[in-house]
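Since the structure is predicted, the reported quantities are computational estimates derived from the model, not experimental observations.
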Amino acid sequence: MVNYILFQEKRQNAKEFGKWYGRAVHSGVVNMKQLSLEIEENVSVKESDVYAVIKEMVRTMKRHMQNSQVVVIEDLGRFKIGINTKPATTAKTFSAQKNIVGSHVLFMPETHIDSATKNRTKALLNGVTFKEAIKNDVVKE
């Protein structure tokens, strides 16, 4: 269940001034140790082994991504490295040292397409439900 709160657009110059929106709120963080303990309960592997495998998966993903490969994890998605650059006057004057100013990880969640309706559903969002976290004293229309 994903919790949300209501908020009102209050910027005077906003096109949707005064209208209400929902915003997801998060109630905590789950770390790798907690994930490993939970996974241990569902498989026949010890928590320490799960932790070691996840840790090594991160190292291995990093190595492959830094070798210009896309890493695909089924039911999760695709990971790859993108770059931020500043322009060069010509292709000949472009250099990594001068023009590449940063890098970032791109994640594309796995998406399933319903053959009948052609609707796309991201695997991680399949079955998600929502609940208002804090009741506002707002009359909903």
*Can you check whether Arg11's main-chain N or O pairs, donor with acceptor, with Glu9's side chain at less than 3.5 Å?*
yes
*4.5 Å side-chain heavy-atom contact, Met61 and Ile73*: yes
*Can the ring centres of Tyr4 and Phe130 be said to be less than 6.0 Å apart?*
no
*Does a donor on one side chain sit under 3.5 Å from an acceptor on the other, for Glu110 and His112?*
yes
*asked:* Please find the pair of heavy atoms, one from Asn84 and one from His104, that lie closest to each other, and give the distance.
replied: OD1-ND1, 3.1 Å
*Are any side-chain N or O atoms of Gln8 and backbone N or O atoms of Gly18, one a donor and one an acceptor, separated by less than 3.5 Å?*
yes
*Is a side-chain N or O of Asn126 found less than 3.5 angstrom from the main chain of Lys122, in a donor-acceptor match?*
no
*Which value, rounded to the nearest 0.5 Å, describes the distance between Leu125 atom CG and Thr111 atom OG1?*
9.0 Å
*Pairwise side-chain contact, Val30 with Leu35, heavy-atom cut-off 4.5 Å (strictly under)*: yes
*Is a side-chain N or O of Asn99 found less than 3.5 angstrom from the main chain of Thr85, in a donor-acceptor match?*
no
*Find out whether Ile100 and Phe94 are in side-chain contact, i.e. whether some heavy atom of one side chain is under 4.5 Å from a heavy atom of the other.*
yes
*Walk me through it: do Glu132 and Leu6 pass the test side chain to side chain contact (heavy atoms under 4.5 Å, CB included)?*
CA-CA 8 Å; Glu132 188 172 357; Leu6 293 177; 3.7 Å; yes
_Can you tell whether the side chains of Lys33 and Glu47 come within less than 4.0 Å, N to carboxylate O?_
yes
*asked:* Between Asp114 (side chain only) and Ala116 (backbone N and O only), is there a donor and an acceptor less than 3.5 Å apart?
replied: yes
*Hey, is the main chain of Arg63 close enough, under 3.5 Å, to the side chain of Asn67 for a donor-acceptor pair?*
yes
